[in-house]
Amino acid sequence: MKKYEYEKAAKALLIEGHYKLVDENIKWMLHSLKIRTKRLMIYRKCSEQKALNEIVQITSGAFSTEDFRQYYDSHLIPR
């Protein structure tokens, strides 16, 4: 998969979660997406694209739960 696909997903999630699009946030989200995508690929034996799409959906939904919101707030710079 191309690096820009991860970057596009990371930026979209940061915007959706109301976080600043700064290098620190982008790097953190990129790392998180890549690690979780690789783990899901191994666990489900699916393609990288399918795994990334599922991780993005899960992360998007997680922004609406208090526990996950606190986790992201502790790692990312809000707007």
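Only heavy atoms go into these numbers, but all of them, side chains included; no hydrogens, no water, no symmetry mates.
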Exercise. Can you tell me how far the CG atom of L14 sits from the CG atom of N25, to the nearest 0.5 Å?
Worked result: 5.5 Å
Exercise. How many angstroms lie between atom CZ of F68 and atom CG of D73, to the nearest 0.5 angstrom?
Worked result: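 Answer rounded to 0.5 Å: 13.5 Å.
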Problem set entry | Contact list for residues 24-39, test salt bridge (Lys or Arg N to Asp or Glu O under 4.0 Å), sequence neighbours left out | K38-E48
Exercise. Who else is in the cluster with V22 when I, L, V, M, F, W and Y are joined by side-chain contacts under 4.5 Å?
Worked result: I77
Exercise. Does I42 sit in a hydrophobic cluster with other residues, and if so which ones, taking ILVMFWY side chains as linked at heavy-atom separations under 4.5 Å, directly or through other members?
Worked result: none
Partner set under side-chain contact (heavy atoms from CB on, under 4.5 Å) for [X], not counting sequence neighbours:
X	answer
K2	Y4, E5
F63	L13, E16, Y19, M29, T59, R69, Y72
K50	C46, S47
H31	I35

Problem set entry | Short side-chain donor-acceptor distance under 3.5 Å, N53 and Q49 |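 Result is yes, a qualifying pair exists.
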Problem set entry | Same cluster (ILVMFWY, side-chain, under 4.5 Å), Y6 and I58 |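 No; tracing contacts between hydrophobic side chains, which count when under 4.5 Å, never links both residues.
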Exercise. Hey, quick one: are M41 and L52 part of the same hydrophobic cluster, counting side-chain heavy atoms closer than 4.5 Å, chains of contacts allowed?
Worked result: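 M41 does not cluster with L52.
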For this session: Please tell me if the side chains of R79 and I15 come closer than 4.5 Å, counting only heavy atoms from C-beta onward.
Result: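 Yes, side chains in contact.
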Problem set entry | Shortest non-hydrogen separation from A51 to L40 and the atoms involved |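 Nearest heavy atoms, A51 then L40: O-CD2, 3.7 Å.
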For this session: Kindly say whether L33 contributes a backbone atom to a donor-acceptor pair with the side chain of T37 at under 3.5 angstrom?
Result: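 Side chain of T37 to backbone of L33, a donor-acceptor pair under 3.5 Å: yes, one is there.
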For this session: Evaluate side chain to side chain contact (heavy atoms under 4.5 Å, CB included) for E7 paired with L30, printing each intermediate quantity in order.
Result: CA-CA 6 Å; E7 286 181 11; L30 275 172; 3.9 Å; yes
Seminar exercise, completed: By side chain to side chain donor-acceptor pair (under 3.5 Å), Q70 pairs with (sequence neighbours left out) E66
